[in-house]
Structures are given as structure tokens and as C-alpha cells.
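These notes concern the structure reproduced below.
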Amino acid sequence: MAVDRKAKTKVVVAGGGTAGWLTAYSLVTRLGNLLDITLVESDQIGSVGVGEATIPTMRTFHRLVGIDEQEFMSATQATFKLGIRFDNWGQQNDSYFHSFGEIGQRSWMAEFHEFWLEAKAQGFGGSLDDYCLELKAAKANKFATSSGKKPVNFAYHLNATAYAAFLRKKSEAAGVKRVEGRITHIENDDIGNIASVTLDNGSKVVGEVFIDCTGFRGLLIGEHLKVDFEDWSHLLAADSAIAVQTQATESARPYTIAMAHSAGWQWRIPLQNRVGNGIVYSSRFLSDDEARSTLLGNLTGPTITEPRQIRFTTGRRKKAWYKNCIAIGLSSGFLEPLESTSIHLITTAILRLMKLFPFEGNSRLLAEHFNRETQLELETIRDFIILHYHLTQRNDSPFWQHYKSMQIPDSLTHRMAMFRENAYAWPDDVALFRVDSWVQVMMGQGLMPKQHHGAGRVLAADGLKSQMMALKSMIDRSVSQLPEHADFIQSYCPAQEQE
Ligand SMILES: Cc1cc2nc3c(=O)[nH]c(=O)nc-3n(C[C@H](O)[C@H](O)[C@H](O)COP(=O)(O)OP(=O)(O)OC[C@H]3O[C@@H](n4cnc5c(N)ncnc54)[C@H](O)[C@@H]3O)c2cc1C
């Protein structure tokens, strides 16, 4: 059948959480001439309402789809994030940062941490943290989007509900039609593609491409099209969370805190006007009541919402794109939020879809490519998260004992062995976690290499020392010149409206 090149492709986005509105907004702003987009969501069901810490890739994504940083930050009461502080992970009462910054200066042959290891072997060098501007700025509560001529690498903490509302307003203004109602029925055409969804009020929304953003339940891709879910609970034990918001009692820090507990961990995400908190835990090792009291016992301010329980299964949809249905967001898979990667996965899925969009109808090859890339990306992040749990000296509870003795993916075993024996680290296959990310987490959790590259010995000892001292002084100077995080926010993106 000939394709009508003048007709717009009818796209139905099912679900209006972060995934749904971000997808609708991106499609309408960049492909709106070619697409007729309807978003269906149900106020009765609501969205998951968490997902407030991000990683730096969000800035590139926002630029690509035309979201203005200051406008977005004001509308979502956002703060800046320079990394994550991990407390009690390597062992109880210790702490390290996984910052977004570059550490020191690498050469083409060797990474900076290898020069630093040589310095330590020669008795100088201080802490590796001293060589990262973003890390030192985080510790000092300082922030600016750039330091002198050097850009600062940062992400955001944002209010998830306000973010969806912000995107909705922009999407509707750009032409997305929003339909309120609960999808109760889904119909296929004669070749098994989805043809329409019917709502509880009896109305029907027809389409050619369906994006499933219905959250964990995956109404279209899972319940209707029966695409299986690959369960990764044997690799990542957490299956529950409790979230609660508190009043801010101190000025917002430019980083997330991830505090490990006896059977999981707790997040603290500072916004301009409140703090998001939550505990992630495994119900096999901790009861809901214990989790709740651990969470409430570790808050820094009075609660402003009731604690809310969320259950989840870690894993991935075996095919995120099947027939004419593409799952984006929680419907396509979920990894717990330890490295704040879910919104990132939404954005990469959207970009991938825009590159592979089936303008001429359904395409098996496009879908296969989409699915391969999605799988690789998710497995890479999974391995990085497992690293945090497995690489620990903690042995103080059945939860940590389980992780220490569990079988981990071969790729991760190999990576840890290479680092332990040779200090060698490399970026992952999807270039999400850089060398510095792997190094900070591996060393932060106590894995110190036995030997390292000789590049640091090519320089005379004095040369290495003076270069490192110059670098450290430059960073100290730059950090001292940065404004306080709270002051920068006040001048750059003060919250537009209080909740
Ligand atoms: C505990 C926890 C902490 C998290 N923390 C982070 C974090 O720090 N950083 C991060 O990046 N991500 C985080 N995430 C993930 C993040 O919350 C999600 O990726 C993000 O919110 C996207 O969710 P979603 O839009 O896919 O689903 P939801 O928010 O669940 O939205 C689903 C939508 O589908 C609609 N819907 C469902 N069924 C129907 C129906 N029958 N008819 C009509 N509409 C329907 C609902 O109304 C809703 O609009 C976290 C997740 C959890 C569980």
C-alpha cells in the first residue's frame, strides 16, 4: 500500500508521567510537522511521583529538544547536582563521592588516577578527590555553571510532578492533544498491531504508532501484547521503596546523598523548597515497618507528606519495541534509582525512537536495532549498580552477606580484576559511565589496585609533584571563587511557585 506522504502519522502516547510527557513534548517539538500526537492519561491512576535526581546527559537532551535551563529549573524548584555522596557503602561510617567531574588530567596513554597512584607510591599526592573541581565544589556547597573558562559538569534535582506539568503545558501549547481517561480496552488490527485504545468513558483513540508510558504495569506492551519481562531480582535484590518529603532545614546541597542501611539505602534529594527522601530495600531482608522506621529515623526535617510505599521488580522488557508499540519509561524496565539513571533512559529511548521512527509503517529492522541498543544500555547500568552492592567490606547483615557472595556478571568480574591487578579502567560500551565514574566507585568502596601504569615514572619525581600541586592549587582557587550554591540558584533560577 502506498504511503500518503502528506498525512501525519497518528501517534498515541499512553500515560502522562515523566516518560509520557517527555516523549510527547520531544516528538511534537522536533517532528510535529509529521506527527499527530495524542496523549492519554488517567488522573485516577496518577504517576509514580518520584524520580527527582538526574545525571548530566539531561542537559544535552534538553538542548536537543529546546528546553531552556533557567525556565525549567524555576518551574520545577530544581537545584544543581554535582554528584552523589555515598555514605556507609564500602564499610559503615565511611563516605565517598561519585562526582560528575573529570579527575585531574589524563594523558592519551594513562588515566589520571594512574599518575596519582604513582605519586602515592612516592609518598605525596594527597587525596584523589583534591583533583576534581566538581567534587571539591560539592563538598564546599559551591556552584556555578562554569568556572572561569572551564564548564562545570552538572545535573539537576527536580520536582517530578512539576516537571510533568511543565512538559504538559509546553506540549499542549505545541499541539499535543491530551485525553483524560482510563484505558480499559485495546484493539488490534488484522496483523496484530495495536489499532486503538478505548477509555472508561467509551471513547476510542486510534493510532498508527503507540508509545507505552503506562509505568510499571506496561499496559500495552506487557498486559496486552504479552511481551515478557526479564526479572533481574537475582542480581539486584531491592524490590520496595518508601518515599516521603520533608521541609528543608538547611540550604540545598549540590549533591544527592545515598546512605546505605542494613538492607538497602536511603536517598536525600534537596530541592529549593523541600527535600525528597526515600528508602530502597529488599523485602526479603527487611520488613516494611522496619524500613519505614529506618527512613523516618534518618530525616533532617519534619515530614510534609505521608510516607508512600512503592513496589517494583528490577529487570527489562524483553522487547521494548514490539509490533507498532514502543515502551518508554518504567514500562520498558526498571533499575533501582541508586545512580539516578531512569530519566536518562527515558531520554535515550526518545532520541533512539526519533532516529529510528517508523514513518513508513512498522519496521522489523528498526525495532530490532532499537531493542539491541536498549538491552545493552540497561545491562551496562545494571552492572554498574551491582558493583556498589557487591564491592563492599560490609558483612554486618544477611543483606550485605548475600551481595558479597552472589554470582555477578562475568563482564563485571573482569572489570574489577583488571582494576585490582593493573589499575586499568575503561568507559563502558554505551559511554555512560566514564573511566572516572568506575574509578571513583571502585576506589571509594575500597578496591585499591596492586600495580599501575608506568606513565607517572616517565616524569622525574619533581616534575610529577609540581604538576600535581599546580593542578590542585588551580582547583582550590577556582572553588574558592565560586558562589554559594544557594546564592547562585537565587540569582539564576529561583523557584517560580512554591508547592
Ligand atoms: C523509588 C523510585 C525512585 C526513583 N528515583 C529516580 C531518580 O532519582 N531519578 C530518576 O531518573 N528516576 C527515578 N525513578 C524512576 C522514575 O520515577 C521514572 O522513570 C519516571 O517517573 C517515569 O515514570 P513513567 O512515566 O514511566 O511512569 P508513571 O510515572 O508511573 O506514569 C504512568 C502514567 O500512565 C498512566 N496510566 C497507567 N495506566 C493507565 C490506564 N489504564 N489508562 C490511562 N493512563 C494510564 C498514569 O496515569 C500515568 O500518567 C525512581 C523510581 C522509583 C520507583
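Small disclaimer: the values here were computed from a predicted structure and weren't measured. In each ligand, atom 1 is the first atom listed, and ligand 1 is the first ligand listed. The residues of the chain are indexed from 1 along the displayed sequence.
- Among residue pairs with one or both ends in residues 10-30, those qualifying as side-chain hydrogen bond (donor to acceptor under 3.5 Å, both in side chains) are Trp21-Glu41; sequence neighbours excluded.
- Proximity of a side-chain donor or acceptor of Thr214 to a complementary backbone N or O of Leu219 within less than 3.5 Å is detected.
- Partners of Glu69 according to the side-chain contact (heavy atoms from CB on, under 4.5 Å) rule, which considers only residues two or more places apart in sequence or in another chain, are Arg59, Met73, Thr145, Phe154, Tyr156, Tyr492.
- Under 4.0 Å from any atom of ligand 1, one finds heavy atoms of residues Gly15, Gly16, Gly17, Thr18, Ala19, Glu41, Ser42, Ile45, Gly46, Ser47, Val48, Val50, Gly51, Glu52, Ala53, Gly181, Arg182, Ile183, Cys213, Thr214, Gly215, Phe216, Arg217, Leu219, Ala241, Trp267, Ile310, Gly329, Leu330, Phe334, Pro337, Ser340, Ser342, Ile343, Ile346.
- The list of ring-ring contact (aromatic ring centres under 6.0 Å, His included) pairs with a residue in residues 282-304, not counting sequence neighbours, reads Phe285-Phe399, Phe285-His402.
- Stacking of Arg415 on the aromatic ring of Trp438 is recorded, both the 6.0 Å distance cut-off and the 45° axial limit being met.
- Here the side chain of Trp321 pairs no donor or acceptor atom with the backbone of Leu353 at under 3.5 angstrom.
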